[in-house]
Each structure stands twice: as C-alpha cells, then as structure tokens.
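All figures in this text were calculated on a predicted structure; none of them were measured in a lab.
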Amino acid sequence: MNEELLDLSTVTPDPACILAIPPSLALRRLVLPLCVLNDELIVAMADPADTQTTEAIARTCGHPVRPRRTETAQLREYLLRFYGDSRPRAAADTASEDPVALVDHLLRTALLRHASDIHFDPEQDLMRVRFRVDGELEEIRRIPAAMQPSVTSRLKVLAGLDIAERRAAQDGAFTWRMQGIHTGRVPPLDIRMATLPVRHGERITLRLLEHSGERLTLDKLGLSESDLSKFEAVLSKPHGLVLLTGPTGSGKTTTLYAAIQLLLAKRPLNILTVEDPVEYEIPGVSQAEVDSSDKVNFTKALRSLLRHDPDVIMIGEIRDSESLDTAIKAALTGHLVLSTLHTNDAISAVTRLTDMGLAPHLAAATLRLSVAQRLVRALCPHCRQPYALTAEEAISLGHPDWAGKTFYHPSGCLCCAGRGFKGRIGIFEFFQPDRELASRLSTGAHESEIYTYERENGMKTLFDDAIEKCLEGKTAISEIQQLIGGGF
C-alpha cells in the first residue's frame with residue numbers, strides 16, 4: 001500500500017490521545033497518536049508495518065489503530081514538542097509521580113493545542129484537569145487526589161505565590177517557555193494564575209496568553225469587507241470614542257489590540273493604554289498595567305493619561321463614572337479613545353453611557369462607533385459538509401422560508417482532531433451614528449427609536465452577520481442557536 005506521507009504541520013493532535021500513550025513508548029518507537037476518527041485511533045508512525053507497536057497502543061487506548069506513515073525527521077520534531085526531550089530525565093513517564101514533569105507536560109500540551117485556559121478542579125478523590133479550546137471545555141486528565149497538594153505547590157512556586165496559604169484566594173503570573181529541541185518557533189506563554197479555596201482543596205485557573213501578534217489584525221477576526229472598511233475609516237479620524245461591547249470572553253480586547261496594530265502601521269503615533277491586566281505586549285505602545293496597590297491603580301493611571309501627550313488612548317474597560325469622564329474628556333479634546341463596555345448589543349452602548357451619567361449631547365458629540373461582538377467556533381474548512389436546512393431548524397431561526405437553503409455542518413478530520421471545528425471567528429454588529437441620528441441622540445432619543453432608524457437604514461445585526469457566516473460555510477447553525485439561546 002503506497003499511502004501518501006502525512007504532513008504533521010497540517011494536523012491538530014488531540015491532547016487526550018497524546019496523554020494516553022506512555023511517552024517512553026512514543027519516543028522509542030517513533031509513534032505520535034493524533035485523534036480518534038470513526039472509532040479508530042489515527043497514529044503517525046515512521047514504520048506503519050510495526051504491528052507490535054500498534055497492538056500495544058490499541059491495548060492501551062482501547063481503540064483499533066490506523067497507522068499513517070510520516071517523514072521520520074518531522075515525526076521526531078513533533079514528538080519532542082509534545083513529550084519533551086527524554087534525555088535529561090525519564091521524560092514525562094515520570095509525570096504520574098513527578099509534579100514538575102506533570103505540570104510541564106500539561107503546559108506543553110495546552111500550548112500546542114492552543115488552549116486559552118487550564119482548569120484544575122479538585123474533587124473528593126481526584127483533581128480534574130480541563131482545557132478551554134475554542135470556547136469549549138475539554139477534560140484532559142484526572143490526577144489522583146494524593147498528587148493534588150504537590151501539583152498546587154508547583155504551580156504556586158511558578159507564579160510566586162505563598163505555598164503555605166491555603167485558605168485565601170491568590171493571584172499571580174509567570175512566563176513559561178517550552179524547553180527541548182526544535183522549539184524555537186514555539187512562542188512563550190504569559191500565564192495568569194488564580195487560586196480559590198474550595199471544599200476539597202484549591203481550585204486553580206490558568207489563563208494562557210501567547211506572545212504572538214500574528215492574529216492581532218482586523219482582517220483575521222472575521223469582519224466582512226464592508227465592516228472592515230467602516231472600522232478603518234473611523235480609526236483614521238483624529239478624535240472620538242470607539243467602543244467594543246459584549247460579554248466577558250467575546251474577544252473585545254483582541255479587537256482593540258488589532259485596531260491599535262492597524263493605527264501603528266499607518267503612521268507614527270503616541271499610543272497609551274491602561275489595562276487590568278495587559279494581555280498582550282505591543283511594541284511601540286506604552287501599556288500601563290493596573291495592580292492592587294496604591295501606586296498604580298486604575299484611577300491614578302487614568303488621571304495621568306492626558307499629561308503624556310497621547311494621540312490615541314486605550315482604556316481596558318469603561319467601568320465607572322471616573323473612567324467614563326476621562327474617556328469623554330480625551331475624546332472632546334482631540335484624542336482617539338478606544339475602550340470596551342459590557343452591553344448586549346451595539347446600540348445599547350448609548351443607554352449604558354447615559355445610565356452612567358453621561359449627558360446625551362456628549363454621547364452624540366463623542367461616539368463615533370460602537371461594535372458589538374461575539375465569538376463562535378469556526379467550521380474546519382477541510383471537512384465541513386453542506387446540507388439543506390431542515391424545516392425545524394428554519395423555524396427555530398425565525399425564518400420558516402429558509403428551509404432547503406444550503407448550510408454546513410461539522411464532520412471531523414485530522415486537521416481539526418476529529419472535532420469538526422478549528423479556531424473561532426467573530427460575529428459583529430456595527431452602530432455608527434450619522435448626523436441625523438447624532439441630532440436625535442443629543443435630545444435623548446430612546447433606544448427603540450434608534451434601533452428602528454438604524455434598521456430602516458440598512459443596519460446589519462449580530463444575527464444577520466451570523467447567518468451570513470453560516471451561508472458562507474464559516475460556522476454552523478448549532479453555534480448560532482447557542483448564541484440565540486444566550487440572547488443576542
């Protein structure tokens with residue numbers, strides 16, 4: 001059988017499968033488990049004819065094994081990325097007893113799986129480890145309860161926390177870089193750590209922030225061409241207020257960073273930010289990180305902003321009347337101000353601002369753009385399958401006449417670890433007041449009046465943008481239905 005060589009750079013291995021194989025076996029026999037498809041475990045091997053190895057893996061994992069031939073040098077490189085170099089110690093085989101090896105192995109796997117968070121949840125008899133990938137939680141491992149204190153202590157040491165303090169919540173941070181051969185292209189991780197005492201120990205959450213600006217560009221976030229043009233036009237203006245709205249975890253800060261990258265690429269600017277915390281470092285931007293001390297708190301940082309001759313100001317979140325007052329003063333005095341706000345849609349940003357004490361005429365004078373945003377999982381472009389929308393689905397979307405339209409659903413392949421989804425994509429709603437609407441805003445127009453005016457003038461809602469992305473095959477109806485259930 002002359003099966004085509006498998007290129008591992010096109011594949012997304014499943015961490016659960018990797019963790020199920022003894023590292024010594026994988027490194028010694030040159031075999032990398034990838035994912036389960038159609039109840040078969042797909043493995044990359046230098047020698048697919050090695051039946052002794054495939055039988056051993058099948059016994060370990062409980063699935064029939066389907067080997068795929070892979071170029072030996074590439075396979076060695078990927079094995080070292082996932083399992084580390086076995087020479088300094090008995091590699092990650094010791095992870096079942098060694099908390100240092102276990103934590104290192106979990107961080108390595110989370111980095112290569114592009115997880116955004118790791119959750120360590122202690123229970124009575126075990127500690128459950130879960131990754132959040134593309135917004136979804138995946139259980140990766142169960143650690144024996146006896147190892148819980150040593151794993152917790154190891155993480156606290158990395159984050160510089162008090163290992164003796166078990167009854168109070170703590171916060172910390174550290175930077176972790178993958179060790180081993182051929183890992184120079186793998187970026188380090190900035191990791192934010194939080195602990196919380198719970199009934200059976202300490203719950204730990206790690207927020208993983210990659211040092212990679214590659215994805216922080218507006219054209220990669222899922223904006224349509226028309227929305228991208230609107231955004232760029234507003235950013236080219238010298239002053240005004242630009243708001244990103246949506247719930248926590250909807251990608252608002254990432255979009256703001258992308259906007260800053262665009263501004264930096266166009267012309268030299270003095271850009272200042274106040275964030276809590278700084279999620280990504282941007283070269284050429286002065287980023288002030290708020291801490292819990294009296295030296296650099298949110299209020300003091302905000303008061304200092306305008307004394308540093310900024311062209312553009314980014315405030316991590318408009319959270320109270322003081323941050324709002326600073327943002328409005330800056331927007332009125334010739335600065336472009338970018339920030340976030342917690343509202344359900346773009347138009348309700350006006351209501352939220354006035355509820356916080358802003359006079360309607362100031363909202364009308366300063367607000368240049370409000371963008372509501374959500375994140376949904378993106379369909380894997382390699383295995384998505386077209387199908388005709390059923391009558392039930394059309395009714396659930398509020399459009400019975402859409403029955404029979406071509407949409408797409410997930411399937412599963414090596415490129416997406418059998419999940420059918422790979423990465424996430426943004427869903428957007430733009431509210432850009434024109435002169436007529438600004439006049440109405442200044443007199444305190446009601447939110448419903450604003451919405452009616454905008455719809456009559458062609459405004460595209462979050463739902464409209466979501467459906468467009470479904471028709472384009474970028475996401476699935478199931479993702480949109482979850483958003484509708486959660487409330488657009």
Side-chain angles (χ1 to χ4, degrees), residues 135 218-235 240-260 262 314-319 324 327 331 337-356 358 363-364 366-378 397-398 424-434 437-438 441 445-470 474-475 479-488:
L218 288 175
D219 59 344
K220 293 183 179 179
L221 298 178
L223 288 163
S224 65
E225 289 187 11
S226 61
D227 286 344
L228 182 58
S229 296
K230 288 178 185 177
F231 210 158
E232 291 181 347
V234 170
L235 292 176
L241 178 63
V242 177
L243 295 175
L244 269 294
T245 75
T248 300
S250 59
K252 301 185 297 295
T253 303
T254 299
T255 303
L256 286 183
Y257 283 170
I260 289 175
L262 176 67
M314 195 267 267
I315 300 172
E317 178 189 348
I318 294 180
R319 56 175 68 175
L324 175 60
V337 181
L338 312 177
S339 191
T340 68
L341 199 63
H342 287 289
T343 65
N344 288 329
D345 54 49
I347 292 176
S348 58
V350 176
T351 305
R352 176 76 177 125
L353 292 175
T354 54
D355 285 345
M356 294 173 71
L358 183 65
T366 55
L367 184 62
R368 297 289 176 266
L369 180 67
S370 172
V371 181
Q373 179 172 341
R374 300 290 189 277
L375 289 175
V376 295
R377 289 186 296 171
L397 294 173
R424 289 194 286 179
I425 190 170
I427 304 295
F428 299 92
E429 175 182 292
F430 275 58
F431 170 55
Q432 186 176 9
D434 57 18
L437 192 52
L441 289 177
H446 192 271
E447 188 175 314
S448 59
E449 180 186 342
I450 300 170
Y451 179 80
T452 301
Y453 177 87
E454 284 290 279
R455 289 297 279 171
E456 290 175 350
N457 286 273
M459 176 186 178
K460 184 171 65 176
T461 65
L462 281 166
F463 179 75
D464 296 332
D465 192 44
I467 291 300
E468 280 187 15
K469 288 181 168 65
C470 285
K474 293 179 179 178
T475 191
E479 295 294 295
I480 306 309
Q481 289 172 329
Q482 285 187 16
L483 282 182
I484 292 173
F488 265 145

Between [X] (side chain only) and [Y] (backbone N and O only), is there a donor and an acceptor less than 3.5 Å apart?
{"X": "Gln373", "Y": "Leu244", "answer": "no"}
{"X": "Lys252", "Y": "Pro247", "answer": "yes"}
{"X": "Glu479", "Y": "Arg377", "answer": "yes"}
{"X": "Asp355", "Y": "Arg352", "answer": "no"}
{"X": "Lys469", "Y": "Ile427", "answer": "no"}
{"X": "Ser370", "Y": "Ile347", "answer": "no"}
{"X": "Thr366", "Y": "Leu241", "answer": "no"}
{"X": "His342", "Y": "Thr245", "answer": "no"}

Would you name the heavy atoms of [X] and [Y] that are closest together and state the gap between them?
{"X": "Ile480", "Y": "Cys470", "answer": "CG1-SG, 3.3 Å"}
{"X": "Leu221", "Y": "Phe428", "answer": "O-CE1, 3.6 Å"}
{"X": "Ala364", "Y": "Ala438", "answer": "CB-O, 3.2 Å"}
{"X": "Ile318", "Y": "Ala327", "answer": "CD1-CB, 4.1 Å"}
{"X": "Ser250", "Y": "Leu375", "answer": "O-CG, 3.4 Å"}
{"X": "Ile450", "Y": "Ala445", "answer": "CD1-O, 3.9 Å"}

(request) Would you indicate whether the side-chain heavy atoms of Met459 and Asp464 approach each other to under 4.5 Å? (result) no
(message) Check this for me: does any side-chain nitrogen of one of Asp465 and Lys474 sit under 4.0 Å from a carboxylate oxygen of the other?
(response) no
(request) Begin with the C-alpha distance, continue with both residues' side-chain angles, and end with the deciding distance and a verdict on side chain to side chain contact (heavy atoms under 4.5 Å, CB included) for Leu341 and Leu353. (result) CA-CA 9 Å; Leu341 199 63; Leu353 292 175; 4.2 Å; yes
Spacing of [atom1] belonging to [X] relative to [atom2] belonging to [Y], to within rounding of 0.5 Å:
{"X": "Ile315", "Y": "Leu338", "atom1": "CD1", "atom2": "CG", "answer": "9.5 Å"}
{"X": "Glu429", "Y": "Glu454", "atom1": "CD", "atom2": "CD", "answer": "9.5 Å"}
{"X": "Asp345", "Y": "Phe431", "atom1": "CG", "atom2": "CZ", "answer": "10.0 Å"}
{"X": "Met314", "Y": "Ser339", "atom1": "CE", "atom2": "OG", "answer": "8.0 Å"}
{"X": "Lys220", "Y": "Ile425", "atom1": "NZ", "atom2": "CD1", "answer": "13.5 Å"}

(message) Whether the Ser224 and Glu468 side chains hold a donor-acceptor pair (N or O, under 3.5 Å, no angle test) is what I'd like checked.
(response) no
(message) Set out, in order, the CA-CA distance, both residues' side-chain angles and the distance that settles side chain to side chain contact (heavy atoms under 4.5 Å, CB included) for Leu243 and Thr343, then state yes or no.
(response) CA-CA 10 Å; Leu243 295 175; Thr343 65; over 6 Å; no
(request) I would like to know whether Thr255 and Val371 meet side chain to side chain contact (heavy atoms under 4.5 Å, CB included); could you show each step before the answer? (result) CA-CA 10 Å; Thr255 303; Val371 181; 5.9 Å; no
(message) Between Lys230 and Val234, is the side chain to side chain contact (heavy atoms under 4.5 Å, CB included) condition met? List the steps.
(response) CA-CA 6 Å; Lys230 288 178 185 177; Val234 170; 5.7 Å; no
